[in-house]
Amino acid sequence: MVETVADFLLDRLSQWGVQRIYGYPGDGINGILGALNRSKDRIQFVQTRHEEMAAFMACAHAKFTGQVGVCAATSGPGAIHLLNGLYDAKMDHQPVVAIVGQSARAAMGGDYQQEVDLISLFKDVARDYVQMALVPEQVRHLVDRAVRIARVERTVTCIILPNDVQQLDAVKEPPHKHATVHSSVGVCHPYVIPQDDDLRRAADILNSGNRVAMLVGAGALNASDEVVEIADALGAGVAKALLGKAVVPDDLPFVTGAIGLLGTKPSWDLMRECDTLLMVGTSFPYPEFLPKPGQARGIQIDIDGRMLGIRYATELNLIGDAAETLRVLLPYLQRKSDRSWRTHIEHEVADWWRVLEARAMNDANPVNPQRVFWELSPKLPDNCIVSSDSGSSANWYARDLKIRRGMMASLSGSLATMGPGVPYAIAAKFAFPSRVAIALVGDGAMQMNGINGLITIGKYWKEWTDPRLVVLVLNNRDLNQVTWEQRALAGDPRFAGSQSVPDFPYARYAEEIGLRGIRVDSPDQIADAWDRALSADRPAVVEAITDPDVPPLPPHITLEQAKNFAASVWSRDAGALGYITQTVKEAADRYLPSKK
Ligand SMILES: Cc1ncc(C[n+]2csc(CCOP(=O)(O)OP(=O)(O)O)c2C)c(N)n1
Ligand SMILES: [Mg+2]
C-alpha cells in the first residue's frame with residue numbers, strides 16, 4: 001500500500017520517539033486519524049473530551065517525562081479549543097507540538113466551512129514555529145523542525161495540514177535539487193555551564209554572604225541533590241516557587257516551602273532577612289516577596305538567558321543548566337562555619353509546620369480544607385504524581401502538602417488557568433501507568449473540565465497497570481479563590497451572582513460511571529477517605545464538603561491585619577461573620593507555637 005502524507009507524518013513522529021497523541025477527531029484531520037488507526041501499535045491516540053484537555057495533557061506529558069508532548073485537533077473549532085492548553089505549555093516552557101487540520105487547499109481563501117486563518121491564530125502561542133504543509137515534500141522537515149524547535153526552545157510549535165494534503169502520497173525524501181529541504185531526526189543537548197571566571201565571581205559573592213537564601217523553580221527539578229549540597233555548604237534556607245515544589249522535599253528542616261501569596265511565612269522571612277540571594281531555574285514574578293532592592297546581593301542561574309535579571313536586580317546572571325552549574329560551582333564554595341542563620345531558619349520552619357497543623361485542625365463548617373491536605377501528606381504513596389488546579393486548592397497544595405523525594409508535582413504555573421488538574425493527572429497515568437496520580441481540584445474547576453475528565457478516566461483506567469488515580473474535589477460551592485480576592489484585594493463583598501457554584505454530586509457521579517466515589521462531610525472521615533481512595537481497585541473521587549470561609553491567607557498576615565481586615569468588611573458584607581471568625585482563628589494560630 002502506498003503511504004499517505006499522514007502515514008509518513010506519524011512515522012516521522014515515531015522516529016522522534018513520540019508514542020502518544022492526545023486529541024479529538026474532526027473531518028479536518030480524518031487523514032491523520034486513518035493513519036493513526038493503521039499505526040496504533042506504534043502511536044496511541046488518546047481521545048479526550050475537549051481539545052483544551054488534549055493540550056493540557058500534552059503539556060503535562062512534557063512536564064512529567066521531559067519529552068515532547070503532542071496534541072491533535074481538527075480545523076476551525078478544534079484548533080481554537082486547543083489554545084488555552086497550548087498557552088499553559090508555552091508559559092511554563094514546555095515542549096509541545098500541536099498538529100491541526102485545515103480546509104482543503106482548493107477551498108482555502110473562500111470563507112469556507114470551518115476555515116479559520118490558523119497561521120495567524122497560532123502566531124503568538126507557536127511563534128517559534130508555525131507552518132502549513134502545502135505539498136507533501138514539506139512534511140518531513142516540518143515534523144523535524146516542529147519537534148526539534150519545541151525541544152530545544154522548550155516551547156510550543158504547530159504544524160497545519162490541509163485535509164487533502166493528508167491523503168496525498170507521501171514524499172519521504174524530497175528530490176535532490178534546488179529549492180528542497182533535507183532534514184533529519186534527533187538532537188543532542190549539551191551541558192551548559194558558566195565560564196570558570198564567572199563561577200569564581202559567583203562563589204565570591206556567596207562566600208562573603210552571611211545570610212544566604214536560595215529560591216528554586218521548575219528549572220531546578222533535575223538538580224535536587226545539587227540544591228541540597230549547595231544549601232548545606234552555604235548554610236542557606238531554600239524557598240520554592242510553585243513549579244519547583246518537587247525540587248527539594250518538604251521534610252528537610254531548612255526548606256521553607258512555597259513563596260508568594262500561596263507561600264509560607266518562613267519563605268517570606270527568608271527573603272526579608274537574607275543578605276545574599278541565589279535563584280536557580282525560576283522566574284517567580286512577584287517582587288514584593290523577594291528581597292528589597294539593594295538588600296541582598298543576587299545571583300541567578302537559568303538555562304534561558306532571556307529569563308535572567310528580570311525579577312530581582314541580580315548582580316550576576318549565569319546561563320547554565322541547574323544541576324551542572326551547581327555541581328561545578330560547589331568546589332569553589334567555602335562551607336560556612338557559622339551556622340546560626342541556618343539554625344534560625346530551621347527553628348522558623350519547625351514552628352511554621354506547627355502553625356499549619358493548628359490551622360488545619362481548626363473547626364470549620366463542615367470540613368476545613370487544610371485538614372484534607374494535611375492528612376493526605378503522610379498517606380501520599382511513594383513516587384506518586386500530584387497535580388493541582390488553580391483555586392484555593394493551589395494554596396493548600398503549595399503550603400500544606402509535604403512532598404517527598406521521588407514524587408512529581410505540577411500545576412499551571414505562569415498561566416494559572418483553571419482546568420488542568422484532572423487532565424494533568426490523566427497524562428501522568430498514561431506516562432507512568434504504575435504510579436499513583438492525585439489531582440487536587442476545586443468544584444469550579446471540576447465543573448469546567450474535571451467532570452468530563454472523569455469520563456475519560458472511565459474510558460481508559462483499565463489499561464493502566466495500577467488503576468489508582470484519585471481526584472479530590474473541594475466542594476465549597478464557591479469560586480473561593482476569587483471570592484477572597486474580591487474581599488481582600490478589591491475590598492468588595494462576595495458577589496454571589498458571580499461566585500456561587502451550583503452543587504453537584506461528584507462522588508455519586510463517580511460511582512455512576514464505574515469509579516469509586518467517597519463523600520466526606522465531617523473531619524473525622526478524612527483519614528479513612530484517603531485510605532479507601534488510595535487502596536481502591538479503581539480510580540476514585542474524594543468529594544470533601546469544605547468551608548468557603550476558611551481564608552487562603554497570605555503568609556505574612558499579622559493578627560492585627562486580620563482584625564483590621566475583619567473590621568473593614570464588617571459593615572459591607574452581610575455574610576461576613578463566618579469568614580471573619582475563621583480568619584481571626586487562622587491568624588491567631590501563628591502565635592500558638594511561640595506561646596508553647
Ligand atoms: C480559565 C480561568 N478562568 C478564570 C480564572 C480565575 N480564577 C482563578 S481561581 C478561580 C476560582 C476557582 O474556583 P474553584 O475551582 O471552585 O476552586 P476554589 O477556589 O473554590 O477552591 C477563578 C475563577 C482562571 N484562573 N482561569
Ligand atoms: Mg470552589
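Excluded from the calculations below are hydrogen atoms, water molecules and symmetry mates; all remaining heavy atoms, backbone and side chain alike, are included. In each ligand, atom 1 is the first atom listed, and ligand 1 is the first ligand listed.
Pairs engaging residues 369-396 under the salt bridge (Lys or Arg N to Asp or Glu O under 4.0 Å) rule: Arg371-Glu375, Lys379-Asp531, Asp382-Arg404 [sequence neighbours left out]. Within the structure, salt bridge (Lys or Arg N to Asp or Glu O under 4.0 Å) contacts touching residues 517-528 (residues at least two apart or in different chains) are Arg519-Asp521, Arg519-Glu543, Asp528-Arg532.
Closest to atom 8 (C) of ligand 1, if we only count protein heavy atoms, is Val482 CG2, 3.9 Å. Closest protein heavy atom to atom 17 (O) of ligand 1: Gly442 CA, 3.6 Å. Atom 25 (N) of ligand 1 has Ala416 O, 2.9 Å as its closest protein atom, hydrogens excluded (heavy atom only). The nearest protein atom to atom 14 (P) of ligand 1, hydrogens excluded, is given as Gly444 N, 3.4 Å; this is a heavy-atom distance. Remark: minimum distance from atom 26 (N) of ligand 1 to any protein heavy atom is reached at Met418 N, 3.0 Å. In terms of protein heavy-atom proximity, atom 1 (C) of ligand 1 is nearest to Thr417 OG1, 3.5 Å.
Ring-plane geometry between Phe289 and Tyr286 is classed as tilted, the angle between the planes lying from 30 to 60 degrees on a 0 to 90 degree scale. Between Trp374 and Trp353, the ring planes are tilted. Angles from 30° to 60° get that label.
At least one N or O atom of Ser392, backbone or side chain, sits closer than 3.5 Å to an N or O atom of ligand 1. For ligand 1, one of its N or O atoms has an N or O atom of Ala445 under 3.5 Å away.
Residue Asn475: no N/O/S atom is found under 2.8 Å from the Mg ion (ligand 2).
Atom OD1 is the N, O or S atom of Asp443 at the shortest distance from the Mg ion (ligand 2). Nearest N/O/S atom of Asp478 relative to the Mg ion (ligand 2): this is O.
Taking every heavy atom of Asn476 and a limit of under 4.0 angstrom, the matching atoms of ligand 1 come to 18 (P), 20 (O), 21 (O). Those atoms of ligand 1 with a heavy atom of Asn480 less than 4.0 angstrom away are 18 (P), 19 (O), 20 (O).
Judged by the shortest distance from any of its heavy atoms, Asp443 lies inside the 4.0 Å radius around the atoms of ligand 1.
A cation-pi contact links Lys245 to Tyr397, judged by a cut-off of 6.0 Å to the six-membered ring centre and 45° from its axis.
A salt bridge is defined here as a Lys NZ or Arg NE, NH1 or NH2 lying under 4.0 Å from an Asp or Glu carboxylate O, and Asp124 with Arg127 meets this definition.
Counting heavy atoms from C-beta outward, Ile303 and Arg154 have side chains that approach closer than 4.5 Å.
Here Phe504 and Tyr509 bring their ring centres to under 6.0 angstrom of each other.
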Q. Is there a side-chain contact (heavy atoms from CB on, under 4.5 Å) between Cys71 and Ile99 once you walk through the steps?
A. CA-CA 6 Å; Cys71 53; Ile99 297 169; over 6 Å; no

